Amino acid sequence: MSTLALKKRPPVRPARVLLHTFLVVTSLAWLAPLLWAVYAALRPYSETSNKGYVSWPDKLNFDNFTNAFEQSDMMHYFGNTLLIAVPAVLVTLLLSSMVAFYVSRFDFRLNIFLLLVFTAGNLLPQQVIITPLYRLYLLIDLPGITTSGKLYDSALGLVLIHVAFQSGFCAFVLSNYMRMLPHELTEAALVDGASVWRMYWQIVLPLCKPAMAALATLLSIWIYNDFFWAIVLISTGENMPITSALNNLSGQYFTDPNLVAAGALLTAIPTLIVYFVLQRQFVSGLTLGANKG
């Protein structure tokens with residue numbers, strides 16, 4: 001039986017060997033910086049400075065992780081980031097799903113134009129609007145609402161800018177997904193006397209859970225890793241998100257790269273948790289419609 005099985009096994013093609021070799025090399029190329037950061041974070045800087053980075057370690061420990069967590073006051077910045085990311089993701093998904101529902105379920109002359117207006121916001125470079133947006137944030141007074149008394153230097157300001165920039169992409173994705181849903185569902189609900197809000201909230205939105213989960217994963221990672229808007233719209237160090245916590249690990253005259261590597265790995269943990277929790281929904285949301293003709 002074993003001889004017959006070996007005879008029936010198809011021959012290994014050179015193209016398949018080259019494909020697998022390419023995939024392995026590409027994977028190692030992508031993982032090399034991460035593995036190198038882990039290696040550096042586990043080594044004391046004194047050993048690295050004496051023997052160099054390309055050397056066999058004498059001692060590996062988690063001291064750099066403990067020091068990075070304590071010196072950067074990481075829990076405080078984690079809280080700032082949650083205060084920005086969670087509302088931004090929820091509001092973006094809510095508003096973009098409303099726009100997507102309207103443009104995908106109702107026919108009117110400005111249907112496509114409205115969707116293009118939302119999508120065009122993603123094509124505008126963020127650097128173009130720094131100056132007018134900065135001045136606008138300084139002019140808007142919010143006494144008693146934000147600690148700074150203005151929209152500038154507040155978590156609310158970052159939430160609003162993330163919602164503004166991410167809603168276009170989410171509306172585009174959700175509108176395409178909602179167009180795949182049978183129109184008979186909403187037509188039957190309309191005949192039964194359901195309101196527009198009920199069709200959106202109880203019929204269409206529950207069917208969009210895979211797409212919403214995929215977008216929630218992407219939005220969480222994008223907003224969590226944002227550094228540009230935090231630098232532009234936040235001036236107080238205590239109000240900045242987690243991406244700026246690494247700056248606390250840099251000294252005026254000396255910076256420990258091993259300590260910074262440990263801090264960078266710690267800041268990446270929440271995004272990994274979000275991805276692994278929503279991994280199944282994320283993959284299913286990305287592959288929806290792949291088998292449709």
Side-chain angles (χ1 to χ4, degrees), residues 17-78 80-82 84-85 89 122 125-127 162 165-166 169 214-232 234 240-280 282-283 286:
V17 175
L18 291 176
L19 175 62
H20 283 273
T21 303
F22 171 77
L23 293 176
V24 171
V25 172
T26 304
S27 301
L28 291 177
W30 278 97
L31 290 174
L34 176 63
L35 296 177
W36 194 261
V38 173
Y39 175 66
L42 292 174
R43 295 186 70 181
Y45 179 75
S46 57
E47 180 181 319
T48 301
S49 61
N50 293 329
K51 302 177 62 176
Y53 282 96
V54 186
S55 59
W56 191 258
D58 295 330
K59 181 173 60 175
L60 297 176
N61 53 49
F62 294 94
D63 291 345
N64 284 327
F65 291 93
T66 304
N67 295 334
F69 187 85
E70 294 176 352
Q71 293 181 22
S72 63
D73 195 13
M74 201 162 287
M75 284 302 299
H76 173 74
Y77 291 99
F78 273 132
N80 290 348
T81 304
L82 288 177
I84 297 168
V89 171
N122 295 96
Q126 299 177 354
Q127 294 80 0
H162 286 308
F165 266 90
Q166 305 299 341
F169 171 75
L215 289 174
T217 306
L218 293 175
L219 288 175
S220 300
I221 295 174
W222 292 342
I223 296 174
Y224 179 88
N225 291 326
D226 172 68
F227 184 75
F228 176 77
W229 288 117
I231 291 296
V232 174
I234 298 292
M240 287 188 173
I242 189 65
T243 49
S244 64
L246 296 179
N247 190 48
N248 295 340
L249 301 177
S250 301
Q252 184 177 0
Y253 303 105
F254 170 75
T255 299
D256 185 347
N258 295 32
L259 189 67
V260 174
L265 293 173
L266 288 174
T267 59
I269 292 176
T271 57
L272 294 176
I273 294 176
V274 171
Y275 175 75
F276 284 119
V277 169
L278 299 176
Q279 180 181 11
R280 181 177 299 177
F282 177 73
V283 175
L286 292 180

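Remember, predicted model here, so these are calculated numbers, not experimental data.
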key: Spacing of CD1 belonging to Ile242 relative to OG1 belonging to Thr271, to within rounding of 0.5 Å   = 11.0 Å
inquiry  = Show the nearest heavy-atom pair for residues Ile223 and Ala85, with the distance to one decimal.
reply    = CG2-CA, 3.8 Å
inquiry  = I want to check something: taking the side chain as every heavy atom from C-beta on, are Ser220 and Tyr224 in contact at a cut-off of under 4.5 Å?
reply    = no
Mind listing the side-chain donor-acceptor pairs of residues 19-32 below 3.5 Å, one per line with the distance, residues two or more places apart or on another chain?
{"residue": "Thr21", "atom": "OG1", "partner": "Val17", "partner atom": "O", "Å": "2.7"}
{"residue": "Thr26", "atom": "OG1", "partner": "Phe22", "partner atom": "O", "Å": "2.7"}
{"residue": "Ser27", "atom": "OG", "partner": "Leu23", "partner atom": "O", "Å": "2.8"}

key: For the student: nearest non-hydrogen atoms of Gly52 and Arg43, plus distance   = O-NH1, 3.4 Å
message = Tell me if the centroids of the rings in Trp222 and Phe169 come within less than 6.0 Å of each other.
response = yes
query = What is the distance from atom CG of Leu60 to atom CD of Glu47, rounded to the nearest 0.5 Å?
reply = 7.5 Å
ask   = Taking all atoms of both residues into account, what is the closest heavy-atom pair of Phe69 and Phe78, and its distance?
value = CE1-CE1, 4.5 Å
note = All heavy atoms of Gln126 vs all of Phe228, minimum pair found to be OE1-CD2, 3.4 Å
ask   = Just wondering, are more than 12 heavy atoms of other shown residues or ligands nearer than 6.0 Å to CZ in Phe62?
value = no
ask   = Which residues pass the side-chain hydrogen bond (donor to acceptor under 3.5 Å, both in side chains) test with Thr48, sequence neighbours left out?
value = Asn258
task = Return the minimal non-hydrogen interatomic distance between Ala230 and Asp226, and the atom names on each side.
result = N-OD2, 3.5 Å
task = Would you indicate whether the side-chain heavy atoms of Leu265 and Leu34 approach each other to under 4.5 Å?
result = yes
query = Just wondering, do Asn80 and Met240 contact through their side chains at under 4.5 Å, heavy atoms?
reply = no
query = Which atom pair, heavy atoms only, marks the closest approach of Asn64 to Leu259?
reply = O-CD1, 3.4 Å
inquiry  = Is it the case that the side chain of Lys51 and the backbone of Trp56 share a donor-acceptor pair, with hydrogens and angles ignored and the cut-off at 3.5 Å?
reply    = yes
